[in-house]
J.: 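Dumping the structure here so I can ask a few things about it.
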Amino acid sequence: MSLVDFDQPDLVKYPKFQHAIDNALVASLEAGDALFIPSMWWHHVEGLTDFNVLITHWWRNSSAFMGKPDNALDLAILSLRNLPYEQRQAWKAIFEHYVFDHNEEDIQHIPNHAQGCLTLPMPELEARKLRAKLLEQLKR
């Protein structure tokens, strides 16, 4: 979310906004037009008439039974953000290992039947078990 007034940006208060302006792409759409924005691109939308319709559809290249990434962010904010800095850094390393840098070689030493939710790709049954566990824990 940006607090910058795009019509009159305060570059003293928001000096990094100039970098966004320098790298911006602008598209003006007419009635019936559609714009495809690649996943995870930052964007700004401005309606220039009294009546505008904006439909946003977020997609991903994973099965419908998998969790949505924004749910993970919400849960991480709830669970981790208020921890002391040192604990957040430890969790960051755990996320790096198990989520962002995870690859099949990391779990080769674990027997296939014991890999559970670490299996790549995660089987639907494991995803459903993990979802059920999370739902139960979030009820508390």
J.: Flag yes if more than 12 heavy atoms outside Phe6 fall under 6.0 Å of its CZ atom; otherwise flag no.
T.: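 Above 12, so yes.
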
J.: Roughly how far apart are Asn71 CG and Leu138 CG, rounded to 0.5 Å?
T.: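 Spacing of CG (Asn71) from CG (Leu138) equals 9.5 Å.
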
J.: Group every Ile, Leu, Val, Met, Phe, Trp and Tyr by side-chain heavy-atom contacts under 4.5 Å, then state whether Trp41 and Leu29 land in the same group.
T.: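 Same cluster: Trp41 reaches Leu29 through Ile, Leu, Val, Met, Phe, Trp or Tyr contacts under 4.5 Å.
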
J.: Which pair of heavy atoms, one from Pro9 and one from Val4, lies closest together, and at what distance?
T.: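 Closest pair (atom of Pro9, atom of Val4, distance): CB-CG1, 3.7 Å.
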
J.: Where the side chain of Glu96 meets the backbone of Asp101, is there a donor-acceptor pair that is under 3.5 Å apart?
T.: no

J.: Please indicate whether His44 has more than 12 foreign heavy atoms, meaning atoms of other residues, nucleotides or ligands, lying under 6.0 Å from its NE2.
T.: yes

J.: Atom CZ of Arg128 and atom CE of Met122: how far apart are they, to the nearest 0.5 Å?
T.: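 Between Arg128 CZ and Met122 CE, I get 12.5 Å after rounding to 0.5 Å.
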
J.: Identify the two heavy atoms, one from Leu11 and one from Gln18, that lie closest to each other, and give their separation to 0.1 Å.
T.: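 That would be CD1-OE1, 3.1 Å.
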
J.: Check whether more than 12 heavy atoms from other residues, nucleotides or ligands sit under 6.0 Å from atom CZ of Phe51, and answer yes or no.
T.: no

J.: Within the structure provided, determine whether Phe17 and Pro15 are in side-chain contact (heavy-atom separation under 4.5 Å).
T.: no

J.: Hey, any chance Phe100 and Ile107 share a hydrophobic cluster, counting ILVMFWY side chains that come within less than 4.5 Å of each other, even indirectly?
T.: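 Looking at the clustering, Ile107 is in the same group as Phe100.
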
J.: Going by an N to O cut-off under 4.0 Å, is there a salt bridge joining Lys133 and Glu136?
T.: no

J.: Rounded at 0.5 Å granularity, tell me how far CG in Leu118 sits from CD in Glu104.
T.: 12.0 Å

J.: Show your working on side-chain contact (heavy atoms from CB on, under 4.5 Å) between Asp7 and Glu46 and close with a plain yes or no.
T.: CA-CA 11 Å; Asp7 293 325; Glu46 183 177 356; 4.2 Å; yes

J.: Which value, rounded to the nearest 0.5 Å, describes the distance between Asp5 atom CG and Asp10 atom CG?
T.: 9.5 Å

J.: Quick check on the hydrophobic clustering: are Leu75 and Tyr98 connected, directly or via other members, by side-chain heavy-atom contacts under 4.5 Å?
T.: no

J.: Would you find a donor on one side and an acceptor on the other, under 3.5 Å apart, between the side chain of Ser63 and the backbone of Phe65?
T.: no

J.: According to a hydrophobic-cluster definition based on side-chain heavy atoms being under 4.5 Å apart (Ile, Leu, Val, Met, Phe, Trp, Tyr only), do Ile94 and Leu83 belong together?
T.: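 Yes.
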
J.: Between Asn52 and Thr49, which heavy-atom pair has the shortest distance, and what is it?
T.: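 It is ND2-O, 2.6 Å.
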
J.: Which pair of non-hydrogen atoms, one from Glu30 and one from Asp33, has the smallest distance, and what is that distance?
T.: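 So the two residues come closest at N-OD2, 2.6 Å.
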
J.: Are Ile21 and Tyr14 connected in the hydrophobic side-chain network, where two residues link if heavy atoms are under 4.5 Å apart?
T.: yes

J.: So how far is it from Leu80 CG to Gln87 CD, rounded to the nearest 0.5 Å?
T.: 9.5 Å

J.: Using a 3.5 Å distance criterion without hydrogens, assess whether the side chain of Glu126 forms a donor-acceptor pair with backbone atoms of Thr119.
T.: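 No; zero donor-acceptor contacts below 3.5 Å.
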
J.: Nearest 0.5 Å, please: how far is NE2 in His43 from CG in Leu35?
T.: 9.0 Å

